[in-house]
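This report refers to the structure that appears directly beneath it.
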Amino acid sequence: MHGLHARPCTGNVRAGRTAAQPGAVNIRSTGRPFTRPQSSAQPTTTMSPIDMQERMQFLKEDLNHLFDEQGIDASQYDDVVNFLDPITKYSNVQGYMFNIRMLKGVFDPLFQLHDIKQTGQYEVTSRWTMTMKFTPARALGVSRWWSPVITFTGTSLYGFNPANGRINRHVDTWDSVTNQQFFSFEAFGDFWKQMVQTFTTPALESPKYTLLKRTAKFQVRQYDPFLVARTALDNLPQSSSSSSSGDPSLNATGSSSSTSSSDAHGTGANSSSSSSS
């Protein structure tokens with residue numbers, strides 16, 4: 001059996017050239033202590049976390065200017081912004097801003113933000129309603145017969161770049177369609193059906209409401225308080241049957257009950273209702 005034999009070192013390692021032996025490593029002494037060479041790599045820096053509450057508050061305020069003269073703050077969007085909805089797709093901030101300008105030029109859009117909340121580490125989701133009036137119809141002089149109004153409700157998912165806190169992703173979904181993938185013919189059909197509608201809503205006084213959700217089969221609306229009917233019941237003549245009953249509480253209760261019933265049916269206070277589309 002072969003063993004390993006160690007030969008003790010009895011002297012210092014001599015400086016100078018020695019004949020290299022196969023498999024041997026020559027060590028040359030310089031008389032100076034050994035120091036580890038310094039690395040040229042730069043020290044790593046830790047990214048500061050994004051204040052998502054601040055980002056969400058910014059977005060909530062900025063969306064108020066989506067279609068007005070001020071416009072949204074483009075400096076808060078990354079150079080690469082991946083925008084996607086069922087019929088539109090862009091991959092840079094220039095395309096993103098062009099899409100907004102195009103909608104303002106062709107339509108008279110109204111954007112209503114209903115809710116916004118954080119749904120991921122660097123993500124927030126909003127719920128909205130957007131109504132767009134086709135402005136060329138009036139310029140063409142056909143608005144009396146054809147003045148389409150396109151309405152969509154849905155959600156938007158915004159993604160933020162963790163390196164700088166800017167928006168780098170925006171994905172829309174529509175409540176009116178099931179196929180949300182680009183390019184959705186179902187979504188384009190919904191848009192086109194609203195564009196070619198030739199009927200107009202009569203200019204009649206009607207209760208004001210906010211459209212919260214529009215699907216292919218129904219709508220969810222929130223009505224403002226409104227008065228249906230009002231009548232004064234305090235000075236009604238007493239009927240002979242009530243007088244003969246001799247029960248004054250019946251007369252008082254009946255008057256109070258009638259007034260209460262009138263008030264209850266006279267207003268619709270912030271109620272949500274559904275109606276077929």
Side-chain angles (χ1 to χ4, degrees), residues 56-73 83-90 96-97 99-119 123-135 137 147-159 167 169-180 182 184 186-197 199-201 203-226 268-277:
M56 190 163 54
Q57 184 62 31
F58 155 76
L59 190 58
K60 183 177 180 181
E61 296 173 0
D62 197 49
L63 287 174
N64 291 325
H65 306 291
L66 184 59
F67 295 116
D68 66 10
E69 294 300 322
Q70 175 178 326
I72 60 174
D73 187 354
F83 173 77
L84 184 69
D85 73 14
I87 62 174
T88 314
K89 184 178 182 180
Y90 292 101
Y96 187 81
M97 296 300 173
N99 187 55
I100 296 174
R101 291 194 300 269
M102 182 272 295
L103 292 176
K104 290 173 61 176
V106 179
F107 300 95
D108 180 17
L110 173 65
F111 180 84
Q112 295 174 287
L113 180 66
H114 304 307
D115 185 37
I116 186 169
K117 58 186 177 181
Q118 185 174 354
T119 52
E123 292 180 352
V124 299
T125 301
S126 66
R127 170 157 284 280
W128 45 263
T129 297
M130 190 163 72
T131 304
M132 303 184 297
K133 298 180 181 179
F134 187 61
T135 51
S147 184
V149 178
I150 294 89
T151 303
F152 294 109
T153 65
T155 61
S156 294
L157 186 149
Y158 293 90
I167 297 170
R169 186 160 59 105
H170 179 174
V171 180
D172 281 351
T173 59
W174 297 356
D175 295 325
S176 57
V177 299
T178 55
N179 181 14
Q180 306 289 342
F182 177 85
S184 171
E186 179 190 7
F188 181 78
D190 182 34
F191 168 79
W192 186 249
K193 182 174 66 175
Q194 296 184 76
M195 273 292 296
V196 299
Q197 63 185 8
F199 64 87
T200 57
T201 303
L204 301 176
E205 183 179 359
S206 58
K208 304 295 183 182
Y209 66 87
T210 300
L211 182 60
L212 300 178
K213 190 171 187 177
R214 172 188 169 272
T215 72
K217 296 182 179 180
F218 66 90
Q219 296 182 1
V220 179
R221 302 175 177 177
Q222 182 175 12
Y223 282 84
D224 296 339
F226 63 93
N270 293 330
S271 59
S272 298
S273 62
S274 302
S275 62
S276 299
S277 59

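Along the sequence shown, residues carry numbers from 1.
Listed by chain and number, the residues in a ring pair (Phe, Tyr, Trp, His ring centres under 6.0 Å) with Phe107 are Phe134 (sequence neighbours excluded). The salt bridge (charged side-chain N to carboxylate O under 4.0 Å, His left out) check on Glu123 picks up Arg169, with sequence neighbours excluded. Scored by the side-chain contact (heavy atoms from CB on, under 4.5 Å) test, Lys193 finds Asp190 as partners (sequence neighbours excluded). For Phe67, there are no ring pair (Phe, Tyr, Trp, His ring centres under 6.0 Å) partners, not counting sequence neighbours. For Gln70, the side-chain contact (heavy atoms from CB on, under 4.5 Å) test picks out His65, Asp68, with sequence neighbours left out. In terms of the side chain to side chain donor-acceptor pair (under 3.5 Å) criterion, residue partners of Thr119 (sequence neighbours excluded) are, by chain and number, Thr125. Applying the side-chain contact (heavy atoms from CB on, under 4.5 Å) test to Leu66 and every residue at least two apart in sequence or in another chain returns Ile72, Ile100, Phe111. Listed by chain and residue number, Asp175 satisfy the side chain to side chain donor-acceptor pair (under 3.5 Å) test with Thr153 (two or more places apart in sequence, or in another chain). Shown here are the side chain to side chain donor-acceptor pair (under 3.5 Å) partners of Gln194, two or more places apart in sequence or in another chain: there are none. Taking the side-chain contact (heavy atoms from CB on, under 4.5 Å) definition, one finds that Lys89 meets it with Leu84, Phe182, sequence neighbours left out. For Tyr90, the ring pair (Phe, Tyr, Trp, His ring centres under 6.0 Å) test picks out no residue, with sequence neighbours left out.
Minimum heavy-atom separation, Leu113 to Lys60: CD2-CG, 4.0 Å. Heavy-atom minimum distance, Thr155 versus Trp128: C-NE1, 3.3 Å. Listed here is the closest heavy atom pair of Ala187 and Ile87: CB-CG2, 3.8 Å.
In this structure, CD in Gln180 is found 9.0 Å from CG in Asp85, a value given to the nearest 0.5 Å. Within the model, atoms NZ of Lys217 and OG of Ser176 stand 13.5 Å from one another, a figure rounded to the nearest 0.5 Å. Residue Thr88 holds its OG1 atom at 5.5 Å from CG of Asn99, rounded to the nearest 0.5 Å. The line from CD of Gln219 to CG of Leu211 is 5.0 Å long, rounded to the nearest 0.5 Å.
Of the possible polar contacts, none joining the Asn179 side chain to the Ser184 backbone as a donor-acceptor pair under 3.5 Å is found. Checked by atom type and distance alone, the side chain of Gln222 never pairs as donor or acceptor with a backbone atom of Leu212 at under 3.5 Å.
In this pair, Tyr96 and Phe83 present their aromatic rings perpendicular. The plane angle is above 60°, beyond the 30 to 60° band. Taking the six-membered ring where the residue is Trp, Phe188 and Phe191 present tilted rings, their angle falling between 30° and 60°.
Side chains of Ser156 and His170 form a contact here, defined as non-hydrogen atoms less than 4.5 Å apart. Put simply, the side chain of Phe152 does not reach to within 4.5 Å of the side chain of Asp172, judged on heavy atoms.
Remark: Lys104 NZ is packed, more than 12 non-hydrogen atoms of other residues, nucleotides or ligands lying under 6.0 Å away.
Residue pairs meeting the side chain to side chain donor-acceptor pair (under 3.5 Å) criterion with at least one member in residues 108-117, sequence neighbours excluded, are His114-Thr129.
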